[in-house]
Amino acid sequence: DAMVIQNPRYQVTQFGKPVTLSCSQTLNHNVMYWYQQKSSQAPKLLFHYYDKDFNNEADTPDNFQSRRPNTSFCFLDIRSPGLGDAAMYLCATSRDTRGLTGEQYFGPGTRLTVT
Amino acid sequence: ELKVEQNPLFLSMQEGKNYTIYCNYSTTSDRLYWYRQDPGKSLESLFVLLSNGAVKQEGRLMASLDTKARLSTLHITAAVHDLSATYFCAVDTGNQFYFGTGTSLTVIP
């Protein structure tokens with residue numbers, strides 16, 4: 001089945017220790033997104049790729065970076081995680097021809113804990 | 001900045017009852033989505049509404065979109081416990097995608 005896969009599902013890292021979360025998709029969608037979701041809050045868009053074009057949200061901290069080496073994979077790098085970065089990180093994909101957005105398909109998420 | 005507000009934020013209802021969740025947004029859009037999220041899980045797509053007057057139904061849930069009023073509703077008919085979850089609307093303006101505040105629904109036996 002076509003899907004969005006995130007690894008790992010649970011990640012524990014130490015304060016200040018770089019961590020990378022990964023997302024892959026078999027949907028062949030051209031847009032990929034990374035969201036941060038904290039407890040009892042709506043998902044917050046960090047950035048997205050429209051094909052290879054990277055789009056950063058204005059309020060995304062510099063501590064967060066992303067890479068998309070090919071259509072199928074996208075990575076979220078947190079260079080120096082702080083306690084406030086503990087959250088669920090959601091990857092999503094969409095295929096849109098009219099504009100930038102469209103129905104988004106979400107992966108299962110990675111729960112990040114910072115100790 | 002686009003604002004997407006859901007009402008109510010928290011909803012506790014008895015099994016068998018009906019209720020409506022409202023999603024108001026502050027700018028022009030003709031595309032709106034509803035998602036369901038179970039605790040600790042990811043988002044599951046429920047409905048895609050792509051035009052004014054669109055109505056979609058799936059089981060006990062029905063969603064509608066009024067683009068002139070900038071309002072979408074999610075109606076729950078004869079609620080059952082399995083519907084307990086958080087429901088998000090999300091507005092697509094073509095270059096922005098904003099989630100609503102979420103409505104946490106608890107269905108009580």
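All chains are named by letter (A, B, ...) in the order of the sequence lines, taking the proteins before the strands, and each is independently numbered beginning at 1.
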Contact winner vs chain B - A/Gln37, A/Met88, A/Gln41, heavy-atom pairs under 4.5 Å: A/Gln37
Interchain contact, A/Leu45 with chain B, by part (heavy-atom threshold 4.5 Å): neither
Part of B/Glu44 lying under 4.5 Å from any heavy atom of chain A: neither
A/Ser66 side chain reached by A/Trp34 side chain, heavy atoms, under 4.5 Å: yes
Residues B/Thr106 and B/Ser12: side-chain donor-acceptor under 3.5 angstrom: no
Structural part of A/Gln6 lying under 4.5 Å from a heavy atom of chain B: neither
Among A/Tyr33, A/Tyr50, A/Tyr105, side chain to side chain donor-acceptor pair (under 3.5 Å) partner for A/Ser94: A/Tyr33
Student check: side-chain heavy atoms of A/Leu27 and A/Arg95 closer than 4.5 Å: no
Residue selection (most heavy-atom pairs with chain B, distance under 4.5 Å) from A/Gly107, A/Pro108, A/Pro43, A/Ala42: A/Pro43
Thiol sulfurs of A/Cys74 and A/Cys91 closer than 2.5 Å: no
Segment of A/Arg111 engaging chain B (4.5 angstrom heavy-atom cut-off): side chain
